[in-house]
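Comments concern the structure below.
Nothing here was measured: the structure is a model prediction, and the numbers come from that model.
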Amino acid sequence: MASSLTALHSFCLFSTLFAFTTTATQCALENPMMHLHFYMHDDFTGYTGPKPTAMRIVTMPKISINDTSPRTFGDVAVLNNLLTKGPSHESELLGRAQGFSVRVSDGGLVNDLSLHLVFEHGPFAGSSIYIHGRIPLDKPVRESVVVGGTGHFRFARGYMISKNYDYSLATGGVVEFNVYVM
């Protein structure tokens with residue numbers, strides 16, 4: 001009796017693992033990794049139009065009189081930045097990068113970023129990708145995680161690589177995005 005129960009348990013475990021592996025393989029085949037490339041215009045000064053698309057809404061006092069950074073620990077910025085096909089703000093508009101950023105390090109060089117990439121034009125119009133990550137602005141290349149999405153990107157997962165194209169911590173600028181999403 002004990003050996004038949006063990007055999008039954010082994011069969012059930014094997015069947016469950018087989019079904020899980022088959023489903024995971026089928027999902028991977030049906031949802032190949034997609035690469036998206038575009039530029040975000042982080043505009044604190046209004047160069048892309050009549051008003052800025054990024055704004056500091058909480059400005060913390062400087063911790064030290066020697067602190068010359070334009071950003072400070074605890075600052076909060078909100079974003080409604082342009083997403084374009086090319087690096088010029090006059091390039092084809094794809095959508096908006098909407099979210100917020102909290103400065104989480106001394107000197108304000110590291111952000112905790114919560115960002116929705118909202119597609120308004122092109123093949124993904126009406127869809128969005130949600131990004132979250134720790135952004136060390138002093139690093140040339142940063143990686144964030146794709147948490148999810150809507151529309152075409154429902155249940156999305158993946159990662160985003162961002163790097164400064166032409167950027168100043170004081171005024172903003174252009175950031176290049178490479179998003180790898182399934």
Please report, to 0.1 Å, the donor-acceptor pairs under 3.5 Å made by any side chain of residues 124-131, with sequence neighbours excluded.
unit_1	atom_1	unit_2	atom_2	d
Ser127	OG	Phe124	O	3.4
Ser127	OG	His152	N	2.8
Ser128	OG	Thr150	OG1	2.7
Tyr130	OH	Ser114	OG	2.9

Met60 and Gly74 have their tightest heavy-atom pair at CG-C, 3.3 Å

When Val76, Val78, Thr72 are each screened for side chain to side chain contact (heavy atoms under 4.5 Å, CB included) with Val58, the one that passes is Val76

Smallest heavy-atom separation, Leu137 atom then Asn164 atom, equals O-ND2, 4.4 Å

Shortest non-hydrogen pair, Leu113 vs Ser101, comes out as CD1-CB, 4.2 Å

Exercise for review: Anything under 30° is parallel, anything over 60° is perpendicular, the rest tilted; go ahead and classify Tyr39 against Tyr165.
Suggested key: perpendicular

Rounded to the nearest 0.5 angstrom, the CG-CG distance for Asp42 and Asp166 is 12.0 Å

*Can you check whether Val146 reaches Phe153 side chain to side chain, under 4.5 Å on heavy atoms?*
no

Taking every heavy atom of Val179 against every heavy atom of Met160, the minimum-distance pair comes out as CG2-CG, 3.7 Å

Sorted by chain and residue number, the side-chain hydrogen bond (donor to acceptor under 3.5 Å, both in side chains) partners of Arg96 (sequence neighbours excluded) come out as none

- Taking side chain as C-beta onward, heavy atoms only, is Asn178 less than 4.5 Å from His35? yes

All heavy atoms of Ser144 vs all of Ile135, minimum pair found to be OG-CD1, 3.2 Å

| request: Inspect the surroundings of CZ in Phe100 and state if more than 12 heavy atoms from other residues, nucleotides or ligands are less than 6.0 Å away. | output: no

Taken to the nearest 0.5 Å, the spacing of Met40 CE from Thr84 OG1 works out to 10.5 Å

Report, as yes or no, whether the 6.0 Å neighbourhood of atom OH on Tyr180 holds more than 12 heavy atoms from other residues, nucleotides or ligands. yes

CG of Leu94 to CG of Leu83, rounded to nearest 0.5 Å, is 6.5 Å

- Message: So for atom CE, which belongs to Met34, do other residues, nucleotides or ligands contribute more than 12 heavy atoms lying within a distance under 6.0 Å?
- Response: yes

Looking only at heavy atoms, the pair that brings Leu115 and Gly99 closest together is CD1-N, 4.1 Å

Heavy-atom check, side chain of Ile161 versus side chain of Glu143, under 4.5 Å:
yes

Interatomic distance, NZ@Lys85 vs CZ@Phe38, rounded to 0.5 Å, equals 12.5 Å

Quick check: do Pro87 and Glu176 have side-chain heavy atoms less than 4.5 Å from each other?
no

